[in-house]
Amino acid sequence: MSLETKTTFYSYSFWCPPLYVFALLNLSPSNLFIEAQENYQKRSWRNRAQIIGPQGLQKLSIPLEKGKNKKMPIQSVRIANEEDWGNLHLRTIQTNYQSAPYFEHYFPLVENLYSKDYIHLWDWNWTWTQFWIQNLDFPVQLSQTLQFGQL
């Protein structure tokens, strides 16, 4: 019987992490702790993503309600749902990836995530983190921090 040790990773919340995060998670079984107690970082990747398509890099952004988001706990940052950002994202994703392999398998799953009503950015990011781990079949145990900076 072999004992496989788990590597522990600690990260801020993300919507679409950079590729190196996927590479690390795919190396070996691991524990991934997402910092749930941090303050929102303005101009970070917490509400932004980039996709690449025939026209090159395209940026996607989730609009946030105006306010003091910079000093606000990440779990309190509210999404500005008055804007129709979800349909714009879906059209952009579809336009760029409709001819990609497995598009017809994964796009309905993505549409399902976009069809839900999210009030807080944290809920959006947490749902997407679970989506990536589950659908890309990473050997990862996912957890949230209970206190800032502590696993």
Begin from the C-alpha positions of N31 and F9 and carry the test side chain to side chain contact (heavy atoms under 4.5 Å, CB included) through to its verdict. CA-CA 6 Å; N31 296 307; F9 296 105; over 6 Å; no
Separation between CZ of R78 and NE2 of H120, rounded to the nearest 0.5 Å: 5.0 Å
side-chain hydrogen bond (donor to acceptor under 3.5 Å, both in side chains), that's the test. Do Y118 and N81 meet it? Break it down for me. CA-CA 8 Å; Y118 298 92; N81 285 313; over 6 Å; no
Determine, step by step, whether I133 and L32 satisfy the side chain to side chain contact (heavy atoms under 4.5 Å, CB included) criterion, reporting the C-alpha distance in whole Å, the side-chain angles of both residues, the deciding distance to 0.1 Å, and the verdict. CA-CA 10 Å; I133 289 170; L32 175 60; 4.0 Å; yes
Go through I34 and S143 one step at a time and tell me if the side chain to side chain contact (heavy atoms under 4.5 Å, CB included) criterion holds. CA-CA 6 Å; I34 304 297; S143 302; over 6 Å; no
Which residues share a side chain to side chain contact (heavy atoms under 4.5 Å, CB included) with P139, sequence neighbours left out: P29
Only counting residues at least two apart or in another chain, list the ones meeting ring-ring contact (aromatic ring centres under 6.0 Å, His included) with F22. W132, F138
Non-neighbouring partners of N112 that pass side chain to side chain contact (heavy atoms under 4.5 Å, CB included), sequence neighbours left out: S115, K116
Let's go through F148 and E35 carefully: what are the C-alpha distance in whole Å and the side-chain angles of both, what is the deciding distance for side chain to side chain contact (heavy atoms under 4.5 Å, CB included) to 0.1 Å, and is it a yes or a no? CA-CA 7 Å; F148 181 74; E35 180 56 72; 3.7 Å; yes
Can you confirm whether L27 is buried at CG, in the sense that more than 12 heavy atoms of other residues, nucleotides or ligands lie under 6.0 Å from that atom? yes
Is the backbone of W85 close enough, under 3.5 Å, to the side chain of E83 for a donor and an acceptor to pair up by distance? no
Quick check: is L136 connected to F14 through a chain of hydrophobic side chains (ILVMFWY, heavy atoms under 4.5 Å apart)? yes
Tell me, do L25 and S30 make a side-chain contact under 4.5 Å, heavy atoms counted? yes
Determine the minimum heavy-atom distance between E82 and E65, stating which atoms define it. OE2-OE2, 4.2 Å
Testing the basics here: between L57 and Q50, what is the closest heavy-atom pair and its distance to 0.1 Å? CD1-OE1, 3.7 Å
For L113 against W124, the heavy-atom pair lying closest together: O-CZ3, 4.1 Å
Side chain to side chain donor-acceptor pair (under 3.5 Å) partners of S44, counting only residues at least two apart: R46
Taking the side chain as everything from C-beta on, heavy atoms only, tell me whether L60 gets closer than 4.5 Å to R48. no
Mind checking side chain to side chain donor-acceptor pair (under 3.5 Å) for D84 and listing every partner two or more places apart, or none if nothing turns up? N87
In short, S13 meets I74 closest at the heavy-atom pair OG-CG1, 3.9 Å
Could you tell me which residues satisfy ring-ring contact (aromatic ring centres under 6.0 Å, His included) with Y106, sequence neighbours excluded, listed by chain and number? none
Do W15 and W45 make the cut of ring centroids closer than 6.0 angstrom? no
Any side-chain hydrogen bond (donor to acceptor under 3.5 Å, both in side chains) pairs touching residues 88-99, not counting sequence neighbours? Q58-N96, H89-Y114
According to a hydrophobic-cluster definition based on side-chain heavy atoms being under 4.5 Å apart (Ile, Leu, Val, Met, Phe, Trp, Tyr only), do L88 and I52 belong together? no
Separation of D123 CG from I79 CD1 (nearest 0.5 Å): 7.5 Å
Heavy-atom distance under 4.5 Å between the side chains of L90 and E111, does that happen here? yes
Do side-chain atoms of T129 reach the backbone of N125 as a donor and acceptor pair under 3.5 angstrom? yes
Sequence neighbours left out, what passes side chain to side chain contact (heavy atoms under 4.5 Å, CB included) with A36? Give chain and number order. Q75, W122, Q144, T145
Between CG of L19 and SG of C16, what distance do you get to the nearest 0.5 Å? 10.5 Å
